[in-house]
Number of protein chains: 2
Amino acid sequence: MATKRAQMMEETRAKLIRAARKAFAAKGYAAASMDELTAEAGLTRGALYHNFGGKQGLLQAVVDQIDREMVERMLAAQDQAANRWDGLLEEGVAYIEMALEPEVQRIMLLDGPAVLGDPSQWPNQNACLLRTTQTLQALIDEGTVKPVDAEAAARLINGAALNAALWIAAADDPRAVLPKAVEAFRQLAAGLLRAER
Amino acid sequence: MATKRAQMMEETRAKLIRAARKAFAAKGYAAASMDELTAEAGLTRGALYHNFGGKQGLLQAVVDQIDREMVERMLAAQDQAANRWDGLLEEGVAYIEMALEPEVQRIMLLDGPAVLGDPSQWPNQNACLLRTTQTLQALIDEGTVKPVDAEAAARLINGAALNAALWIAAADDPRAVLPKAVEAFRQLAAGLLRAER
DNA sequence: CGCATTGACATACGATGCGTATGTGGCCCA
DNA sequence: TGGGCCACATACGCATCGTATGTCAATGCG
């Protein structure tokens, strides 16, 4: 079994990450105070610097955690699609829907890139994007999709979905624009298909 | 003629904006010191707070200025295209190329949204995006493009181009991936066309 | 089983940087 | 030409981050 100290350590990290997700999502990275954040978790800044090295390190940990959750949900969305192409579309739609959550939007789409730099450079290697790339490559191999560069296409698809989500989230009536965005997304993605269907 | 004081005022604003563009692009918004910034312009923070209200106000002014320049270049790109559809593509390509400049990338794509919020909410009303929407609407009206929501499509297109640019800029060899991104962009955009060409 | 050591976290300190309140010198108009 | 006003400089307080130091409990060894 894991030693008692290691258990406490993990619990501490979890508490900090939990508080950080809430604070970063609510106030944004810059405006979030480390003192308040750690106090909320029943700790002090000492624990923070010991476990994560600093404010950026904590953000990094939060980003990694959310990224893992996003991949999980994208996998689930893809699994319940009839074929691989629909799976790709469902991935995109799932991505759009996830980006509606303030936590994802603020942390992953706004502050994350601004503080940590381009997502593709993140240590976690942007698992989310990697998944889309792999799916696309498979579609190209099986002849469903035109022979374009898989990574390039994946990035464009992701970018399109991302902006769709940002748009929806900022709209007066998100529920109203969501179908419009999804429809436009499907049309756009169809451009990658090899032949008319 | 404009009074002398007004002239000096404009000159001061211009000097501050110039210094801000350099500092924000080089260090990022958060790391840019207002003291250094204003000193670089031969002024102090007093001038800053008088003219722009604060750090955010200065960023806003910088963003507006760059946004105007981007629209100008997109117009130029569109004008030298054979038809309206190619004009749209050229706009996209121009957008991608502009996003390769560190200034645009850092200020407009990373720090801008993070600090000022979603671009579509900016006072300047995101002239850049507005242009694409208008072009798309015209293409829909003339029957070239499928009858999708113009704004939705414009946002997706822009988002795709944006991410393409971010990818290119972060790549080890930007010159090598640029053509791949442009090609994928063209393929993707083709999904909006009404019929096969 | 008890003590020295390690390490997780708290506390204390210094530095930096933003925003605001107050001061001042030069331009405009009577 | 002199007083008011305005653009900008100076001075201050406050918040926050990072680091250096302290402390107490868990661990492992004799």
Side-chain angles (χ1 to χ4, degrees), chain A residues 1-20 22-63 107 111-112 114-117, chain B residues 1-63 106-107 111-112 114-117:
Chain A
M1 103 177 199
T3 167
K4 191 171 180 182
R5 292 184 72 115
Q7 279 181 28
M8 293 302 294
M9 194 96 182
E10 270 315 302
E11 178 58 25
T12 297
R13 291 172 61 92
K15 279 196 287 191
L16 284 174
I17 291 179
R18 217 175 307 143
K22 218 169 74 173
F24 287 160
K27 306 182 173 187
Y29 175 79
S33 164
M34 294 294 101
D35 278 324
E36 289 182 20
L37 212 171
T38 51
E40 168 93 16
L43 297 162
T44 68
R45 287 209 332 264
L48 210 178
Y49 284 91
H50 190 76
N51 282 286
F52 298 101
K55 197 176 185 180
Q56 276 202 28
L58 182 57
L59 177 62
Q60 182 79 249
V62 167
V63 161
I107 300 175
D111 290 334
V115 176
L116 305 174
Chain B
M1 100 177 201
T3 167
K4 191 171 180 182
R5 291 182 74 114
Q7 279 181 30
M8 292 302 293
M9 193 96 181
E10 269 315 301
E11 178 58 24
T12 296
R13 291 173 61 93
K15 278 195 287 191
L16 285 174
I17 291 180
R18 216 176 306 143
R21 285 180 69 147
K22 218 168 74 174
F24 288 160
K27 306 182 172 185
Y29 175 79
S33 163
M34 293 293 101
D35 278 324
E36 289 182 20
L37 212 169
T38 50
E40 168 93 16
L43 296 161
T44 69
R45 290 211 331 266
L48 208 178
Y49 283 90
H50 190 74
N51 282 285
F52 299 101
K55 198 177 185 180
Q56 276 203 26
L58 182 57
L59 176 62
Q60 183 78 62
V62 167
V63 161
R106 182 84 230 188
I107 299 176
D111 289 334
V115 176
L116 305 175

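All heavy atoms count here, side chains included; hydrogens, waters and symmetry mates do not.
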Determine, stepwise, if the pair B:Leu37 / B:Leu48 fulfils side-chain contact (heavy atoms from CB on, under 4.5 Å). CA-CA 10 Å; B:Leu37 212 169; B:Leu48 208 178; 5.6 Å; no
Among residues 30-43 of chain B, which contact DNA chain C at a heavy-atom distance under 4.0 Å? B:Ala32, B:Ser33, B:Met34
Inter-residue atom distance B:Lys27.NZ - B:Lys22.NZ, 0.5 Å rounding: 10.5 Å
Look only at the side chain of A:Lys55 and the backbone of A:Ala32, and say whether a donor-acceptor pair between them is shorter than 3.5 Å. yes
Counting only side-chain nitrogens and oxygens, does B:Asn51 get under 4.0 Å of the OP1 or OP2 atom of D:dA7? no
Provide, to the nearest angstrom, the distance between the NZ atom belonging to B:Lys15 and the P atom belonging to D:dC8. 9 Å
Side-chain donor-acceptor pairs of residues 11-18 of chain A under 3.5 Å, sequence neighbours excluded:
from	atom 1	to	atom 2	distance (Å)
A:Thr12	OG1	A:Met8	O	2.9
A:Arg13	NH1	A:Asn51	O	3.3

When you match A:Gly46 and B:Gly46 each to their closest nucleotide on DNA chain D, which lands nearer the 5' end? B:Gly46
Starting the side chain at C-beta, find the nucleotide from C:dC9, D:dC8, D:dC17 nearest to A:Tyr49. D:dC17
May I have the distance from B:Tyr29 (atom OH) to C:dG17 (atom P), rounded to whole angstrom? 14 Å
Value in whole Å for how far the P atom of C:dC18 lies from CZ of B:Phe52: 16 Å
Spacing between A:Met9 atom CE and D:dA26 atom P, to the nearest angstrom: 15 Å
Regarding the side chain of A:Ala47, the nearest nucleotide among C:dC9, D:dC8, D:dA11 is C:dC9
Let me confirm one number: the OG1-OH distance from B:Thr44 to B:Tyr49, rounded to the nearest 0.5 Å. 11.0 Å
Using the rule given for side-chain contact (heavy atoms from CB on, under 4.5 Å), can you reason through A:Val63 versus A:Asp111, listing the C-alpha separation, both sets of side-chain angles and the distance that settles it, and then say yes or no? CA-CA 10 Å; A:Val63 161; A:Asp111 290 334; over 6 Å; no
Just N and O in the side chain of B:His50: are any of them under 4.0 Å from OP1 or OP2 of D:dA7? yes
Nearest-angstrom distance from the residue atom CZ of A:Arg45 to P of C:dC13: 14 Å
Atom CZ of B:Arg13 to atom P of D:dC6: distance rounded to whole Å? 17 Å
Could you tell me the separation between the CD atom of B:Gln60 and the CG atom of B:Leu116, rounded to the nearest 0.5 Å? 5.0 Å
Round to the nearest Å and state the distance from B:Met8 atom CE to D:dC5 atom C1'. 17 Å
Closest approach to the side chain of A:Lys55, judged atom by atom: which nucleotide of D:dG18, C:dC9, D:dC8 is it? D:dG18
In whole Å, what is the span from the CD atom of B:Glu11 to the P atom of D:dA7? 16 Å
